[in-house]
Amino acid sequence: MLHTEPIVTLLARPAFTEPAHLPVRWLGESTDGERLAEFAGRLCYMSQANPADRGTREYLENIKRQAHGSVLEHANYSLLVEGVSRALTHELVRHRAGFAFSQLSQRYVDESEANFVVPPAIIGDAELEATWREQVESAQAAYVALVEALMARYSWVESRVHRRKMAREAARGVLPNSTETKIVVTANARAWRTMLELRAGEGADLEIRRLAVAILRVMQREAPALFSDFEIYVADDRREAARAGFHKV
Ligand SMILES: Cc1cc2nc3c(=O)[nH]c(=O)nc-3n(C[C@H](O)[C@H](O)[C@H](O)COP(=O)(O)OP(=O)(O)OC[C@H]3O[C@@H](n4cnc5c(N)ncnc54)[C@H](O)[C@@H]3O)c2cc1C
């Protein structure tokens with residue numbers, strides 16, 4: 001199977017529980033992640049009475065404006081990302097502060113039937129797609145042959161699980177960067193913002209840029225106040241990109 005779009009599924013979001021002894025005078029609509037960030041921000045100044053009559057979203061807009069982004073670090077969101085290439089995740093996992101990753105292992109998982117991700121710039125051109133597909137299919141055939149040969153070569157290794165691991169970890173060397181992978185990514189809202197600012201920008205690789213825009217859409221639905229300053233637009237290369245209203249809060 002060939003993927004031409006990433007699949008982003010929200011796995012987890014914050015569940016805010018208000019402490020009875022420090023109630024906040026909430027105003028306006030909000031989600032738990034937004035309330036958690038507001039609660040943390042208000043604790044700094046003990047302003048639970050909300051003297052400025054600010055709704056949660058207005059309050060958080062001000063937090064972003066003042067670059068008081070550490071309060072956004074309390075709200076964590078976990079996403080399941082599928083239909084993306086190993087090339088993409090190699091870039092994604094470079095984001096360190098505030099991130100956690102768990103990715104499909106090519107040492108343990110059989111890639112004989114792996115899917116592949118068509119690079120966005122190739123999609124829609126039959127000739128380019130055919131050249132790319134031919135290479136990908138021959139790489140997969142080489143992988144299958146190598147696994148089989150390595151399993152025979154190491155038949156003396158008693159544990160079948162260990163033998164398979166030895167075979168797969170060596171054979172994966174021929175799999176292309178376009179091999180599809182799956183990854184669970186957890187990050188706090190501030191870390192997501194940094195990643196989105198870098199990866200949804202026009203300078204980013206097209207595939208991770210497309211993923212960043214897809215993630216931004218999910219996050220803008222989940223927690224509008226934490227991501228509302230990002231603007232999605234169509235860039236000169238006719239692909240979507242996004243820019244942050246508040247840089248690196
Ligand atoms: C367009 C583009 C092209 C790129 N090209 C290349 C390339 O050719 N080669 C390559 O190797 N990488 C490349 N990268 C990856 C890039 O160098 C970063 O590794 C990646 O973008 C993660 O950024 P970050 O370190 O700012 O983010 P994070 O690791 O998420 O960190 C977020 C922020 O926390 C702070 N921080 C985190 N860790 C530290 C630390 N140890 N010390 C001090 N402050 C810290 C910094 O302010 C940092 O910006 C590219 C990235 C982009 C967007």
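These numbers come from a predicted model, not from an experiment. Indexing begins at 1, ligand by ligand and atom by atom, following the structure's order.
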Practice task
State whether the shortest distance between N or O atoms of Lys248 and N or O atoms of ligand 1 falls below 3.5 angstrom.
Solution key: yes
Problem - Verify atom 10 (C) of ligand 1: protein non-hydrogen atom under 4.0 angstrom away - result: yes
Exercise for the section: Report yes if the side chains of Phe246 and Glu61 come closer than 4.5 Å at any heavy-atom pair, otherwise no. Expected result: yes
Exercise for the section: Taking atom types as modelled, find out whether Thr89 and Gln103 have a side-chain donor-acceptor pair closer than 3.5 angstrom. Expected result: yes
Exercise for the section: Please check atom 49 (O) of ligand 1 for a protein heavy-atom neighbour under 4.0 Å. Expected result: yes
Exercise for the section: Flag the pair Ser85 / Glu207 as yes when at least one side-chain heavy-atom distance between them is below 4.5 Å, and no otherwise. Expected result: yes
Practice task
Following the transitive rule for hydrophobic clusters with a side-chain heavy-atom cut-off under 4.5 Å over Ile, Leu, Val, Met, Phe, Trp and Tyr, establish whether Leu92 and Leu196 coincide in one cluster.
Solution key: yes
Exercise for the section: Scan the protein's non-hydrogen atoms and note whether one is under 4.0 Å from atom 15 (C) of ligand 1. Expected result: yes
Handout entry: Pair Glu222-Thr31, side-chain donor/acceptor within less than 3.5 Å
Key = no
Exercise for the section: Using non-hydrogen atoms of the residue, decide whether Gly203 is closer than 4.0 angstrom to ligand 1. Expected result: yes
Problem - Nearest protein heavy atom under 4.0 Å from atom 35 (C) of ligand 1, yes or no - result: no
Practice task
Return yes when at least one protein heavy atom is under 4.0 Å from atom 7 (C) of ligand 1, and no when none is.
Solution key: no
Handout entry: atom 23 (O) of ligand 1 - nearest protein heavy atom and its distance
Key = Leu198 CD1, 3.7 Å
Exercise for the section: Please check if any side-chain donor atom of Lys64 sits under 3.5 Å from a side-chain acceptor atom of Ser228, or the reverse. Expected result: yes
Problem - Under-4.0 Å heavy-atom contact between protein and atom 1 (C) of ligand 1 - result: yes
Exercise for the section: Return a yes/no value: protein heavy atom under 4.0 Å from atom 43 (C) of ligand 1? Expected result: no
Practice task
May I ask you to decide if the ring planes of Tyr77 and Phe227 are parallel, tilted or perpendicular, using 30° and 60° as cut-offs?
Solution key: perpendicular
Completion exercise
atom 32 (C) of ligand 1 has as its nearest protein heavy atom Thr194 CG2, 4.0 Å
Problem - Test: Arg86 and Glu111 ion pair at under 4.0 Å - result: no
Fill in the blank from the handout: The option among Arg199, Glu91, Arg209, Arg94 carrying the non-hydrogen atom nearest to atom 21 (O) of ligand 1 is Arg199
Problem - Side-chain heavy atoms of Gln220 within contact of Leu216, under 4.5 Å - result: yes
Handout entry: Atoms of ligand 1 close to Arg96 [distance to a heavy atom under 4.0 angstrom, numbered from 1]
Key = 24 (P), 25 (O), 28 (P), 29 (O), 30 (O), 37 (C), 38 (N), 39 (C), 41 (N)
Exercise for the section: Report the nearest protein non-hydrogen atom to atom 27 (O) of ligand 1: residue, atom name, distance rounded to 0.1 Å. Expected result: His95 ND1, 3.7 Å
